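Read the numbers this way: they start at 1 and go in the same order the structure lists the ligands and their atoms. Note that the coordinates shown come from a computational prediction; the quantities given were computed from them, not determined experimentally.
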Amino acid sequence: MGTIRELKKIPLSVRIRQQENSGEEENLMDKFVIRGGNPLVGNIRISGAKNAALPAMAAAILTEEPVILENIPDVRDIQTERKLLVSMGAEVELGYGRASHRTTISCRNLSSPEAAYEVVKTMRASTLVLGPLVARMGRARVSLPGGCAIGARPIDLHIKGLEKLGATITQEHGYIEAAAERLRGGLISFDKITVTGTEDLMMAATLAEGETVMENCAREPEVADLAALLNKMGANIEGAGTSIIRIMGVSKLHGARHRIIPDRIEAGTFLIAGALTGGDITLTSCDPAHLGALLHKLEECGVTVQPGTDTLRITNGHRLHAADLTTEEYPGFPTDMQAQYMTLATQAEGTSVVTENIFENRFMHAQELVRMGANIKVDGRRAVVHGFTPLSAAAVQCSDLRASASLVIAALVADGETIIDRVYHIDRGYERIEEKLRGVGAQIKRIGEILPKRTAAPVGAA
Ligand code: EPZ
């Protein structure tokens with residue numbers, strides 16, 4: 001890879017191409033092999049939050065000056081966002097070595113305000129560029145995301161909100177075309193709480209003429225983190241993190257440097273792994289204040305977690321109690337922790353009823369857990385989990401990001417060697433999870449079936 005000085009001599013475009021060819025395709029065939037039964041012991045450093053980093057990268061579109069983001073997680077979705085911004089003409093430099101979690105984004109020369117279907121279909125969060133593009137460039141062409149494994153997930157509220165800010169929106173050939181000479185402030189009252197909807201329109205309103213008031217907003221920590229960045233860029237936002245956000249538009253934004261908040265979902269995932277495998281793990285560089293609902297639920301199940309300023313220690317050596325769960329918007333129990341909690345419920349004494357309120361199809365992991373010996377009955381948005389059931393190793397496959405995490409946790413407690421297929425789902429949002437788990441004593445290995453390039457047709461092949 002060479003020293004940083006040597007690397008800096010390599011032109012950016014070449015470095016980007018090197019990154020692009022760095023064998024991403026290879027990972028698509030990867031599997032995890034996990035031998036269960038090891039207690040996890042030691043420290044795990046929590047990465048920056050994917051769901052805070054993605055909108056922060058989109059926010060760079062709002063200014064022609066460089067935006068420097070630190071504590072960026074090294075996960076696939078960040079690579080996709082970088083590709084998206086580069087395809088519009090942005091310069092996106094990802095740090096190396098000690099700076100590997102920093103990115104510098106310059107959107108001085110955006111040539112094409114478009115998010116193509118090829119990118120949007122791999123990552124719905126690409127639609128977060130819609131508001132910033134209209135606000136800065138006066139127009140945007142963004143592919144509609146299409147269906148998703150966990151639900152329909154339309155973006156009608158993003159569109160409705162932009163229309164409230166004076167944009168003209170048309171839809172053709174699977175694309176949203178939005179235009180506005182200059183957006184103007186207005187009142188947006190969300191029919192439903194939407195995280196990226198709140199973020200997208202908050203970004204758009206920063207450059208609108210006059211004041212925008214947004215009601216029934218998402219209160220997730222990632223929304224407040226985005227507002228903190230935008231205010232550093234010269235925006236005028238109040239109330240982020242509450243259900244009412246006020247934005248006084250400005251004519252121009254400038255560059256800024258910002259550190260992304262820790263990933264509360266990654267932290268929650270490791271907490272549940274710690275609770276089920278026994279042992280003693282401490283999560284570092286995390287923010288316990290963002291995990292209130294999960295910590296309460298773990299307490300209800302009989303697990304003690306010791307929070308520090310930026311650490312969480314979990315030691316658990318005893319059987320858990322069953323507890324019902326309903327997913328809600330923040331500060332309620334996060335839907336992104338529901339799958340991992342379901343694995344916990346299979347290991348608890350008694351019956352837990354899990355109700356998924358946010359997405360209509362987010363129980364794909366249940367059948368895979370049943371393959372490992374769990375007793376789960378799914379009925380629409382409710383799943384009834386009968387515990388305690390010993391889990392045994394099996395071949396299972398991931399269907400989406402968080403479902404994959406629930407299977408990894410299940411494999412850590414199962415008897416035998418589990419093979420988990422399609423782990424590219426987990427690479428989208430967890431930074432080197434197998435290395436972090438191995439660091440605390442898990443027996444986990446990534447195997448990649450790198451099929452050799454076919455050179456010539458085998459002799460006698462039709
Ligand atoms: C964000 O998705 C997160 N993604 C999701 O995390 C998370 O599950 C979700 O919020 C809920 O917490 C990012 O931040 C990048 P929503 P988002 O808009 O914003 C409906 C992960 O695992 N809705 O808050 O797309 C929607 O269908 C991912 O990291 C509309 O009907 O979710 C859903 O039922 C998965 N119309 C509900 O609102 C709209 O225009 C909440 O969705 C928008 C949303």
Side-chain angles (χ1 to χ4, degrees), residues 47-59 73 75-78 80-81 84 120 122-131 142 144-164 169 171 176 188-203 214 216-226 243 260-261 263-269 290 293-294 326-341 356-362 364-365 381 398-406 425-431:
S47 300
K50 165 185 79 80
N51 291 347
L54 293 172
M57 291 173 79
V75 296
R76 181 186 296 278
D77 276 8
I78 296 297
T80 308
E81 182 86 358
L84 173 60
V120 176
T122 64
M123 182 183 74
R124 323 176 52 75
S126 318
T127 52
L128 277 164
V129 300
L130 181 60
V142 172
L144 278 164
C148 162
I150 64 176
R153 303 183 74 182
I155 58 165
D156 57 317
L157 300 175
H158 299 232
I159 296 165
K160 232 167 127 185
L162 270 181
E163 283 173 336
K164 282 275 166 66
I169 308 245
Q171 185 185 322
I176 300 286
I188 298 173
S189 189
F190 290 105
D191 307 334
K192 211 174 180 177
I193 293 176
T194 159
V195 177
T196 50
T198 302
E199 294 165 343
D200 194 11
L201 296 163
M202 182 167 72
M203 289 190 276
M214 305 205 303
N216 198 27
C217 298
R219 292 182 273 165
E220 270 67 4
E222 294 77 22
V223 173
D225 195 44
L226 176 63
S243 56
I260 297 291
I261 56 172
D263 196 318
R264 61 194 168 98
I265 307 297
E266 184 196 23
T269 302
H290 294 164
L294 175 66
T326 300
T327 62
E328 292 168 284
E329 296 87 358
Y330 192 88
F333 192 96
T335 171
D336 293 349
M337 283 302 304
Q338 176 260 99
Q340 301 91 315
Y341 182 80
E356 173 54 57
N357 263 340
I358 307 296
F359 293 109
E360 61 274 25
N361 183 35
R362 201 167 203 181
M364 303 285 273
H365 41 283
R381 288 187 179 227
C398 308
S399 53
D400 62 80
L401 172 59
R402 307 304 172 184
S404 331
S406 78
H425 283 289
I426 212 164
D427 293 335
R428 291 191 54 184
Y430 290 87
E431 181 173 334

Asks: Thr335 versus ligand 1: do any nitrogen or oxygen atoms come within less than 3.5 Å of each other?
Replies: no
Asks: Need the ligand 1 atom indices (1-based, order shown) with element for anything under 4.0 Å from a heavy-atom of Ala125.
Replies: 15 (C)
Asks: Could you tell me whether the side chain of Arg402 reaches within less than 4.5 Å of the side chain of Gln340, counting heavy atoms only?
Replies: yes
Asks: Below 4.0 Å from any atom of ligand 1, is there a heavy atom belonging to Pro154?
Replies: yes
Asks: Are Met123 and Arg76 packed together at the side-chain level, in the sense that at least one heavy-atom pair is separated by less than 4.5 angstrom?
Replies: no
Asks: Out of all atoms in ligand 1, which are within 4.0 Å of some heavy atom of Ile155? Include the element for each.
Replies: 39 (C), 40 (O)
Asks: Going by the order shown, which atoms of ligand 1 are within less than 4.0 Å of some heavy atom of Lys50?
Replies: 21 (C), 29 (O)
Asks: Would you mind checking which non-hydrogen protein atom is closest to atom 19 (O) of ligand 1, with the distance to 0.1 Å?
Replies: Thr196 OG1, 2.6 Å
Asks: For Ala218 and Val195, work out which heavy atoms get closest and say how close.
Replies: CB-CA, 3.7 Å
Asks: Evaluate Leu157 for polar contact with ligand 1, using N/O atom pairs at a separation under 3.5 Å.
Replies: yes
Asks: Do Leu401 and ligand 1 have an N or O pair less than 3.5 Å apart?
Replies: no
Asks: What residue and heavy atom of the protein are closest to atom 18 (O) of ligand 1, and at what distance?
Replies: Thr194 OG1, 2.6 Å
Asks: Under 4.0 Å from any heavy atom of Ile358, which atoms of ligand 1 are there?
Replies: 33 (C), 34 (O), 41 (C)
Asks: For atom 29 (O) of ligand 1, grab the closest protein heavy atom and report residue, atom and distance to one decimal in Å.
Replies: Arg402 NH2, 2.8 Å
Asks: Quick one: are Phe190 and Thr198 in side-chain contact, heavy atoms under 4.5 Å?
Replies: yes
Asks: Tell me which protein heavy atom sits closest to atom 36 (N) of ligand 1, plus the residue, atom name and distance to 0.1 Å.
Replies: Asp156 OD1, 2.6 Å
Asks: Quick check: closest heavy atoms across Glu81 and Ala125, and the distance to 0.1 Å?
Replies: OE1-O, 4.5 Å
Asks: Using a strict cut-off of 4.0 Å, indicate which atoms of ligand 1 neighbour a heavy atom of Asp336.
Replies: 5 (C), 6 (O), 7 (C), 8 (O), 21 (C), 22 (O), 28 (C), 29 (O), 35 (C)
Asks: Check the pair Gln171, Ile169 against side chain to side chain contact (heavy atoms under 4.5 Å, CB included), reporting the backbone distance first and the verdict last.
Replies: CA-CA 7 Å; Gln171 185 185 322; Ile169 308 245; 5.9 Å; no
Asks: Hey, could you give me the NZ/CG distance between Lys50 and Asp263, rounded to the nearest 0.5 Å?
Replies: 8.0 Å
Asks: Any idea which protein heavy atom is nearest atom 24 (O) of ligand 1, and the distance to it?
Replies: Val195 N, 2.8 Å
Asks: Heavy-atom distance under 4.5 Å between the side chains of Thr127 and Asp200, does that happen here?
Replies: no
Asks: Would you say Asn51 and ligand 1 have an N/O pair spaced under 3.5 Å apart?
Replies: yes
Asks: Using a strict 4.0 Å cut-off to heavy atoms of His158, name the atoms of ligand 1 that fall inside it.
Replies: 40 (O)
Asks: Taking the non-hydrogen atoms of Arg362, is any one of them nearer than 4.0 angstrom to ligand 1?
Replies: yes
Asks: Would a 4.5 Å heavy-atom cut-off, applied to side chains only, mark Pro331 and Arg219 as touching?
Replies: yes
Asks: Is the shortest heavy-atom distance from the side chain of His365 to the side chain of Gln338 under 4.5 Å?
Replies: yes
Asks: Should Thr335 and Asn357 count as side-chain neighbours, where that means a heavy-atom distance under 4.5 Å?
Replies: no
Asks: Who's the nearest protein heavy-atom neighbour of atom 32 (O) of ligand 1, and how far?
Replies: Phe359 CZ, 3.9 Å
Asks: Hey, which atoms in ligand 1 end up nearer than 4.0 Å to a heavy atom of Arg153?
Replies: 2 (O), 17 (P), 25 (O), 27 (O)
Asks: Return the closest protein heavy atom for atom 38 (O) of ligand 1 as residue, atom name and distance.
Replies: Lys192 CD, 3.7 Å
Asks: Short N/O distance, under 3.5 Å, between Arg124 and ligand 1?
Replies: no
Asks: Quick check: do Arg362 and Asp336 have side-chain heavy atoms less than 4.5 Å from each other?
Replies: yes
Asks: Going from CE on Met214 to CD1 on Ile188, what distance comes out if it is rounded to the nearest 0.5 angstrom?
Replies: 6.0 Å
Asks: Could you tell me whether ligand 1 has any atom less than 4.0 Å away from a heavy atom of Ile193?
Replies: yes
